[in-house]
Amino acid sequence: MKFSNKLILWYLDNKRDLPWRKTTDPYFIWLSEIILQQTKIEQGMPFYLSFIQSFPTVFDLAEASEHDVLKLWQGLGYYSRARNLHHTAKFVVDTNKGIFPSSYKELLKLKGIGDYTASAISSICFNEPQAVVDGNVYRVLSRVFGLQTPRNTSKGIKDFKELAQEVMDIENSGTYNQAIMEFGALWCKPRNPSCEACIFQNSCYAFLNKQVHLLPVKISKIKVRNRFFNYLVILSSDDKTILKQQTQQGIWKNLYEFPLVETSENSFLRKTEIQNKIPFASVQTASLFNETPIIHKLSHQHIHIRFWIVKTSEIRDYGICFSQIASFAVPIVLHNFITKFSFYKTVNFDTFEKLAK
DNA sequence: AAAGCGGGGAA
DNA sequence: TTCCCAGCTTT
């Protein structure tokens, strides 16, 4: 049996009973589609109900103030959807007596309506053969047909739209579109999909090739996390300092470093925070070595590093001689600091004292 | 082509 | 924590 036929038969058996499935009125379909953009049905449902309650027709929505619309949208996120919703309601009322455009091409011109929403409305309300491509469709098509193009690239967007258009049921586009999305939401889920009881077990590319968890392909754009490190460079009265081995999982594991106070931003350390870090010594003075943080760039993290010169009482066996530091494995950024600092410390201590201010 | 925009639930 | 959700718009 054809892919689309199997899907529609599955849908008729398994579809959820949802309010916007009882109508093909473009106003209600449009409203539901806007609310459900990037939003799970469970989250959007109460908002849909309150919107049709407050604004039973597009005229009611158009007459409302933007603030009232935003107020009702409060908590749903992506607030430009609410502003565009209101704008489009007014536009439809002002230019076409409240009647929505009835073609994909015309719908696409409205604010807040892109390829997905224009396809959804034109197929569900007017049976125009436009295949929707949403997060569910990317997943189902990539798995069943083995389409490996990364979905978040321009080629991916193009390839998936083409395949979606190719395998859809031209005669029942509205039902087909809802079927594939429902299947993606209930069966072909991102994680732990129900492959053992799937109607496509015998033909699904991903299932047959054990690639279900690898599809759809998505280019992961590395997002950089900012972290703020304050290293405490201890100078005790018995001329020692502290190095600790980084034992926790993470960057620089098993390397040595100065006692570290991580903060959520470039904040000025309090003396008590420093003292708490080294309870075995008594802090006398603490000064910032570099006002401007050194930004150490790793692939996924930008580490903003500041060194604090902390003079303390005797620490005896808790510490090591400063000259021994060279024999410990430390991150390069610490090594660079140590080199620079040793220069000030041994050659011209007075210069450092000035710099520390 | 990439970034910005929200809030919530699941693993 | 990370991922993803019935995406669209702007840069």
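Proteins get letters first, then strands, A, B, ... in listed order; numbering begins at 1 in each.
We find that A:Lys244 and A:Glu257 are not joined by a salt bridge, their nearest charged nitrogen and carboxylate oxygen being 4.0 Å or further apart. The existence of a salt bridge linking A:Arg16 and A:Glu42 is confirmed by a sub-4.0 Å separation between a basic side-chain nitrogen and an acidic carboxylate oxygen. A salt bridge does not link A:Asp94 to A:Lys90: none of the charged side-chain nitrogens sits closer than 4.0 Å to a carboxylate oxygen.
A:Arg143 places its CZ atom 12 Å from the C1' atom of C:dC4, with the value rounded to the nearest Å. When rounded to the nearest whole Å, the span between CG of A:Leu110 and P of C:dC8 equals 12 Å. In this structure, A:Lys189 atom NZ and B:dA11 atom P are separated by 7 Å, rounded to whole Å. Here the C1' atom of nucleotide B:dG9 and the CG atom of A:Leu186 are 16 Å apart, to the nearest Å. Between the CZ atom of A:Phe47 and the P atom of B:dG7 there is a distance of 10 Å, rounded to whole Å. Protein atom CZ of A:Arg227 is 10 Å distant from nucleotide atom P of C:dT1, rounded to whole Å. For the pair A:Ile35 CD1 and C:dC8 C1', the computed distance is 16 Å after rounding to whole Å. C:dC8 atom C1' lies 14 Å from atom CH2 of A:Trp30, rounded to whole Å.
We find the CZ-OH distance between A:Phe3 and A:Tyr176 to be 4.5 Å, quoted to the nearest 0.5 Å.
Among residues at least two apart or in separate chains, there is no salt bridge (Lys or Arg N to Asp or Glu O under 4.0 Å) pair with a member in residues 196-206 of chain A.
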N/O-N/O pairs, protein side and nucleotides 5-7 of chain C side, under 3.5 Å:
from	atom 1	to	atom 2	distance (Å)
C:dC5	OP1	A:Gly135	O	3.4
C:dC5	OP1	A:Arg139	NH1	2.6
C:dA6	OP2	A:Asn136	OD1	3.0
C:dA6	OP2	A:Asn136	ND2	3.0
C:dA6	O4'	A:Asp134	OD2	2.8
C:dA6	N9	A:Tyr116	OH	3.3
C:dA6	N6	A:Trp20	NE1	3.2
C:dA6	N6	A:Arg21	NH2	3.1
C:dA6	N1	A:Arg21	NH2	3.4
C:dG7	OP1	A:Gly135	N	3.2
C:dG7	OP2	A:Gln38	N	2.7
C:dG7	OP2	A:Gln38	NE2	3.4
C:dG7	O5'	A:Gln38	N	3.3

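Within 4.0 Å (heavy atoms only), A:Ile113 reaches sugar-phosphate atoms of the nucleic acid but no base atom.
Checked against A:Trp252 for a side-chain contact (heavy atoms from CB on, under 4.5 Å), the options A:Leu334, A:Ile332, A:Val333 give a single hit: A:Val333.
In the hydrophobic clustering of ILVMFWY residues, with side-chain heavy atoms under 4.5 Å counting as a link, A:Phe47 and A:Ile41 come out together.
Between A:Gly77 and A:Arg191, the one whose closest nucleotide on DNA chain B sits nearer the 5' end is A:Gly77.
Annotation: B:dG6 and C:dC3 have their C1' atoms spaced 15 Å apart (nearest Å). Rounded to whole Å, the separation between the C1' atoms of C:dA6 and B:dA3 comes to 23 Å.
Closest to the side chain of A:Asn192, from the set B:dA11, C:dT9, B:dG6, is B:dA11.
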